[in-house]
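What follows is a single structure, written as structure tokens, with notes after it.
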Number of protein chains: 2
Amino acid sequence: MQTLKYSRQREAIKEFLMSRNDHPTADTVYTNIRQEFPNISLGTVYRNLSLLADLGEILKISTGDGGDRFDANTKHHYHFICNECNSVIDLDLKSLDHINELASVNFGGNIIGHTTHFYGTCENCTKKH
Amino acid sequence: MQTLKYSRQREAIKEFLMSRNDHPTADTVYTNIRQEFPNISLGTVYRNLSLLADLGEILKISTGDGGDRFDANTKHHYHFICNECNSVIDLDLKSLDHINELASVNFGGNIIGHTTHFYGTCENCTKKH
DNA sequence: TTAAAAATAATAATAATTATCAATATTAAT
DNA sequence: ATTAATATTGATAATTATTATTATTTTTAA
């Protein structure tokens with residue numbers, strides 16, 4: 001089997017994500033991590049983001065607009081996505097686990113979780129007009 | 001301004017979507033609509049799906065795995081996405097509008113809506129093992 | 001019937017991501 | 001410490017999903 005080996009690039013990617021709370025894209029990770037590793041390849045960034053997500057060490061957030069976002073905060077929480085600037089912002093909202101049971105009532109399959117994205121206009125964009 | 005003109009292709013695309021409840025991708029729409037319009041272009045399918053979504057006549061569903069899905073049922077409802085077969089299934093769950101207010105409590109921006117996707121194993125995939 | 005404008009089919013281009021592979025780095029065993 | 005095995009990398013090609021371009025066709029209003 002594939003046993004995991006340490007890599008400095010992977011550590012740097014994870015540490016970079018932990019230093020941010022704005023849910024950067026793979027490309028943003030790439031351009032920033034290049035300051036420390038000028039020769040790092042975009043493929044290496046994608047590979048490690050994907051691996052870290054599979055390991056459960058980071059979260060992948062699909063916004064449906066532009067590339068996927070990544071988040072080092074792995075405990076279940078909710079995101080707001082601004083309709084104007086597309087920024088992704090953490091929300092202070094306790095987990096709504098009861099809605100899994102509500103959704104299960106008339107459903108034959110097995111629901112184990114949910115993701116919710118809230119939409120609207122963020123504070124910055126509201127101030128602009 | 002751009003005034004809308006009728007097109008047989010657009011009508012056929014909308015009617016095809018209304019005949020289905022499995023939230024097909026643009027490519028699935030394309031291969032099916034080709035039975036009626038053998039020369040239709042994939043670009044035409046994308047253009048019309050996008051236009052219909054902008055007009056609010058259909059919904060675009062981003063699943064984060066594979067291409068976007070489309071749904072002729074435009075009233076707010078919830079979807080289940082199977083972790084195994086990736087099928088998208090409508091859920092019978094009343095709208096959880098109160099969670100918009102809950103999410104707004106400690107948030108500076110303006111929340112106008114949300115989308116929730118439930119995850120797990122669908123009935124078919126559960127039966128398989 | 002004609003003319004203007006929108007829509008189309010065909011195709012090229014783009015964005016985001018994944019795959020390939022020879023060279024390098026890590027790790028476990030000597 | 002040295003070696004051997006193998007995971008990881010950087011470079012790059014390929015793929016997937018989607019959008020843009022443009023000459024031709026269709027729709028619609030005059």
Side-chain angles (χ1 to χ4, degrees), chain A residues 1-17 23-55 57-71 81 85-88, chain B residues 1-17 22-55 57-71 81 86-88:
Chain A
M1 73 245 54
Q2 178 88 330
T3 61
L4 202 66
K5 250 172 202 173
Y6 173 86
S7 104
R8 284 173 297 135
Q9 288 89 335
R10 182 157 60 236
E11 280 311 297
I13 288 167
K14 191 174 175 194
E15 268 169 38
F16 173 71
L17 274 186
H23 318 85
T25 61
D27 204 67
T28 301
V29 173
Y30 174 61
T31 55
N32 280 275
I33 219 81
R34 244 141 76 100
Q35 289 163 26
E36 194 182 346
F37 293 88
N39 294 323
I40 198 170
S41 159
L42 182 55
T44 298
V45 173
Y46 271 105
R47 188 168 359 92
N48 280 299
L49 287 171
S50 179
L51 175 57
L52 289 168
D54 288 347
L55 294 171
E57 295 185 31
I58 64 173
L59 287 182
K60 174 150 92 165
I61 306 161
S62 296
T63 65
D65 182 286
D68 289 338
R69 307 292 205 104
F70 297 89
D71 191 345
I81 302 173
C85 69
N86 295 313
S87 63
V88 177
Chain B
M1 73 243 56
Q2 177 91 328
T3 62
L4 203 65
K5 254 173 199 172
Y6 173 86
S7 103
R8 284 172 298 135
Q9 288 88 337
R10 182 157 59 237
E11 280 311 298
I13 287 166
K14 192 176 174 193
E15 268 169 38
F16 172 71
L17 274 186
D22 64 342
H23 318 85
T25 61
D27 204 67
T28 301
V29 173
Y30 174 60
T31 54
N32 280 273
I33 219 81
R34 242 140 79 98
Q35 288 163 26
E36 195 182 347
F37 293 89
N39 295 322
I40 197 170
S41 158
L42 183 55
T44 298
V45 172
Y46 271 106
R47 188 169 358 91
N48 280 299
L49 287 171
S50 180
L51 176 56
L52 290 168
D54 288 347
L55 294 171
E57 296 185 29
I58 64 173
L59 287 183
K60 173 149 94 165
I61 306 161
S62 295
T63 65
D65 182 286
D68 289 338
R69 306 294 204 105
F70 297 90
D71 192 344
I81 302 173
N86 295 311
S87 63
V88 178

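Just so we're on the same page: letters track the sequence lines, and every chain starts at 1.
For B/R10, counting side-chain heavy atoms from C-beta on, the closest listed nucleotide (C/dA16, D/dT8, C/dA7) is C/dA7. Among the nucleotides C/dT17, D/dG10, D/dT8, the one closest to any side-chain atom of A/S41 is D/dG10. When the nucleotides D/dT8, C/dT8, D/dG10 are ranked by their closest atom to the side chain of B/N48, C/dT8 comes out on top.
Counting non-hydrogen atoms under 4.0 angstrom, B/Y6 reaches the backbone sugars and phosphates but no base. Within the 4.0 angstrom heavy-atom criterion, only backbone atoms of the sugar-phosphate kind lie near B/S7; the bases stay farther away.
The shortest distance between side-chain heavy atoms of B/D22 and B/S87 does not fall below 4.5 Å.
Put simply, CZ on B/F70 is 10 Å from C1' on D/dT18, counting in whole angstrom units. Across the protein-nucleic acid pair, A/L49 atom CG and C/dT18 atom C1' stand 13 Å apart, rounded to whole Å. Atom CG of B/L55 is separated from atom P of C/dA6 by 14 Å (rounded to the nearest Å). Across the protein-nucleic acid pair, A/D65 atom CG and D/dA17 atom P stand 18 Å apart, rounded to whole Å. Put simply, CZ on A/R8 is 11 Å from C1' on D/dT8, counting in whole angstrom units. A/D68 has its CG atom 13 Å from the P atom of D/dT18, to the nearest Å. Per the geometry, CZ belonging to B/R69 stands 11 Å off P belonging to D/dT18, to the nearest Å. Whole-Å rounding puts the B/L42 CG to C/dT8 C1' distance at 13 Å.
Between A/R47 and A/G66, the residue anchored nearer the 5' end of DNA chain C, judged by the nucleotide with its closest heavy atom, is A/G66. Residues A/I40 and B/K60 each lie close to DNA chain D; by heavy-atom proximity, the contact nearer the 5' end of the strand is made by A/I40.
Rounding to the nearest 0.5 angstrom, the gap separating the OG atom in A/S50 from the CZ atom in A/F70 is 7.5 Å. Put simply, CD1 on B/I40 and CD on B/Q9 are 5.0 Å apart, with the number rounded to the nearest 0.5 Å. One distance of note links CG of A/N32 with CG of A/D27; it measures 10.0 Å at 0.5 Å rounding.
Residue A/Q2 has a polar side-chain atom (N or O) positioned under 4.0 Å from OP1 or OP2 of D/dT8. For D/dT26, the OP1/OP2 oxygens have no side-chain nitrogen or oxygen of B/Q9 closer than 4.0 Å. Side-chain N/O atoms of B/Y46 include one lying less than 4.0 angstrom from OP1 or OP2 on D/dT18.
Neither side chain, B/T31 nor B/R34, offers a donor N or O lying under 3.5 Å from an acceptor on the other.
On a pure distance criterion of 3.5 Å, no polar donor-acceptor pair joins the side chain of B/K5 and the base of C/dA7.
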